[in-house]
Amino acid sequence: MSPPLLLLPLLLLPPLLNVEPAGATLIRIPLRRVQPERRTLNLPRGWREPAQLPKLGAPSPGDKPTFVPLSNYRDVQYFGEIGLGTPPQNFTVVFDTGSSNLWVPSRRCHFFSVPCWLHHRFDPKASSSFQPNGTKFAIQYGSGRVDGILSEDKLTIGGIKGASLIFGEALWEPSLVFTFAHFDGILGLGFPILAVEGVRPPLDVLVEQGLLDKPVFSFYFNRDPEKPDGGELVLGGSDPAHYIPPLTFVPVTVPAYWQIHMERVKVGSGLTLCAQGCAAILDTGTSLITGPTEEIQALNAAIGGFPLLAGEYIILCSEIPKLPAVSFLLGGVWFNLTAQDYVIQTTRNGVRLCLSGFQALDVPPPAGPFWILGDVFLGTYVAVFDRGDRKSSARVGLARAHTGGADLGMRRDRAGAVPWVTPK
């Protein structure tokens, strides 16, 4: 595990509101839909000592965002396809904003590493552009560990080809979570400070090598089971067709995970949590919404949840139409989740199950405590992740995902409304 990270001071900057500029040419990477096991894929990992984060180049006009289609594993795991090597060897990866390394299983993996034999494996001998590195690496996720060696080769992602980057070849995957996963590896989209062995994250590499105009990306998770696609990852910008404008931009307070300040959480009209404000992390690698045990217990009690193991709760399916909304105040705007949004409904062996999308997770200081807004939240709201440039700091934009309905599912906080401003 990485040594602990001392948190940077919390910067409570004024919230920013902006409208995504129209007219950009968009290039897409799709996600596929599959039926899932319910688990939290990627909870917080180890931290490293803070360092001065490099600024990436300023946005250039006429940029062309790249779209990566995503696959949806029963509204819990979303993943898409990349290629490594020449010619490209294809892998499905989780695009994870809570980590910063890329790794895939290796053809040289340990004989007893079962997940390796059940997934696509990278073969360095089959790539004419492969460059050995050999440095050992280890990544500890909340639900599994990966060990291996670093290598260098070409990345193909969406319409982008030829990016030379260092990635991990996994030699040992001891966790069962990777054995049954419907993805091969993980591509991290967090900040450089989270990357093990000081490896440059894929996003930084694409920008530095001139293959991506700006360090911005966005996620649209399609949670409609009747639709064949699972959504899209958009590199270099966002697609206004994915959301109902405007985007509400909230500054990143700690540039490691995508951490922001959350002002309050309300359950219906009777329960307020995070009353004095709290930290929240937007993490595409976490399937649920997590929070401190005491507050999640109160929240699940308010929505009629019955406790199971590991901080999870079950809901009576017949009660879903009666359950209250759960609302998050971010950047002066309420983002509401209805029971249809936060209850995960699934059928196993002909039996319908309804599971709460809220799970208890205590993250100790100095990193925590904080909430994690995972895919249960990000499936309802499109998130635009902006690393910033020489003139502006990192921020996250949020807007209701476009599902064809007219209800934005959000309202301005009248007591704390903020003016429209242009980012500096």
Side-chain angles (χ1 to χ4, degrees), residues 29-43 45 68-127 129-130 132-133 136-158 165-189 196 199 201-202 230-231 233 284-287 375:
I29 314 176
L31 301 179
R32 293 179 317 228
R33 185 181 304 281
V34 208
Q35 295 297 311
E37 289 298 324
R38 180 175 183 267
R39 62 171 61 92
T40 302
L41 167 66
N42 199 10
L43 301 182
R45 310 90 175 127
V68 181
L70 301 177
S71 296
N72 173 13
Y73 184 52
R74 205 161 84 202
D75 288 339
V76 175
Q77 296 173 4
Y78 291 85
F79 46 89
E81 188 172 277
I82 64 166
L84 285 170
T86 307
Q89 300 173 42
N90 294 332
F91 300 90
T92 54
V93 295
V94 171
F95 297 100
D96 175 27
T97 58
S99 65
S100 298
N101 289 82
L102 166 62
W103 66 265
V104 297
S106 173
R107 194 168 184 82
R108 300 178 281 181
C109 63
H110 194 286
F111 179 79
F112 293 105
S113 182
V114 177
C116 180
W117 299 99
L118 298 177
H119 293 87
H120 297 99
R121 295 176 292 155
F122 177 76
D123 184 359
K125 294 182 180 180
S127 172
S129 53
F130 174 78
N133 179 292
K136 294 181 179 180
F137 79 94
I139 304 176
Q140 180 66 54
Y141 297 97
S143 53
R145 178 184 172 91
V146 174
D147 295 82
I149 57 172
L150 297 178
S151 297
E152 184 174 350
D153 215 327
K154 303 293 185 181
L155 171 68
T156 300
I157 179 169
L165 86 170
I166 295 175
F167 67 99
E169 288 189 62
L171 304 179
W172 179 244
E173 301 172 58
S175 175
L176 285 177
V177 68
F178 297 123
T179 301
F180 300 108
H182 287 242
F183 55 88
D184 300 314
I186 293 176
L187 189 150
L189 290 166
V196 301
V199 173
L233 162 63
T284 58
T286 295
S287 51
D375 296 341

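The figures that follow rest on heavy atoms only: side chains count, while hydrogens, waters and symmetry mates do not.
Residue Leu233 holds its CG atom at 8.5 Å from CG of Leu187, rounded to the nearest 0.5 Å. To the nearest 0.5 Å, the span separating NE2 on His120 from CG on Asp184 amounts to 6.0 Å. In this structure, the separation between CD on Gln89 and CG on Asp153 is 7.5 Å, given to the nearest 0.5 Å. Note that NZ of Lys154 is 13.5 Å distant from CZ of Phe130, once rounded to the nearest 0.5 Å. Of the inter-residue distances, the one linking Asn90 atom CG with Ile82 atom CD1 reads 9.0 Å to the nearest 0.5 angstrom. In this structure, NE2 on His119 lies 11.5 Å from SG on Cys109, to the nearest 0.5 angstrom.
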Inset, instruction - Apply side chain to side chain contact (heavy atoms under 4.5 Å, CB included) to Ile166 and Phe137, showing your working. - result: CA-CA 12 Å; Ile166 295 175; Phe137 79 94; over 6 Å; no
Legend entry - Residues Thr284, Asp375; criterion side chain to side chain contact (heavy atoms under 4.5 Å, CB included); working and verdict: CA-CA 6 Å; Thr284 58; Asp375 296 341; 4.3 Å; yes
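Between Pro88 and Gly83, the closest heavy-atom pair is CB-CA, 4.1 Å. Between Thr92 and His182, the closest heavy-atom pair is OG1-O, 3.8 Å. Closest of all the heavy-atom pairs between Asn101 and Val196 is OD1-N, 2.8 Å. Contact detail for Pro87 and Ala126: the closest heavy-atom pair is CD-O, 3.9 Å. Smallest separation of non-hydrogen atoms from Ser106 and Cys116: O-SG, 3.1 Å. Looking at every heavy atom in both residues, Pro202 comes nearest to Ser100 through CD-O, 3.8 Å.
Between Ser99 and Ile186, the closest side-chain pair of non-hydrogen atoms falls below 4.5 Å. Contact annotation: the side chain of Val199 never approaches that of Trp103 to less than 4.5 Å [non-hydrogen atoms, C-beta and beyond]. Side chains of Asn133 and Glu152 form no contact here, defined as non-hydrogen atoms less than 4.5 Å apart. Counting heavy atoms from C-beta outward, Ser151 and Arg108 have side chains that approach closer than 4.5 Å. Side-chain contact between His110 and Leu171 is absent, with no heavy-atom pair separated by less than 4.5 Å.
In this structure a side-chain-to-backbone donor-acceptor pair under 3.5 Å is missing from Glu173 to Pro105.
A perpendicular orientation is assigned to the rings of Phe111 and Trp117, their planes being inclined by more than 60° (bins at 30° and 60°). Ring geometry for Phe122 against Phe167 counts as perpendicular: the plane angle is over 60°, on a 0 to 90° scale with 30° as the lower cut.
When Val93, Val104, Val94 are each tested for a side chain to side chain contact (heavy atoms under 4.5 Å, CB included) with Phe183, only one passes: Val94.
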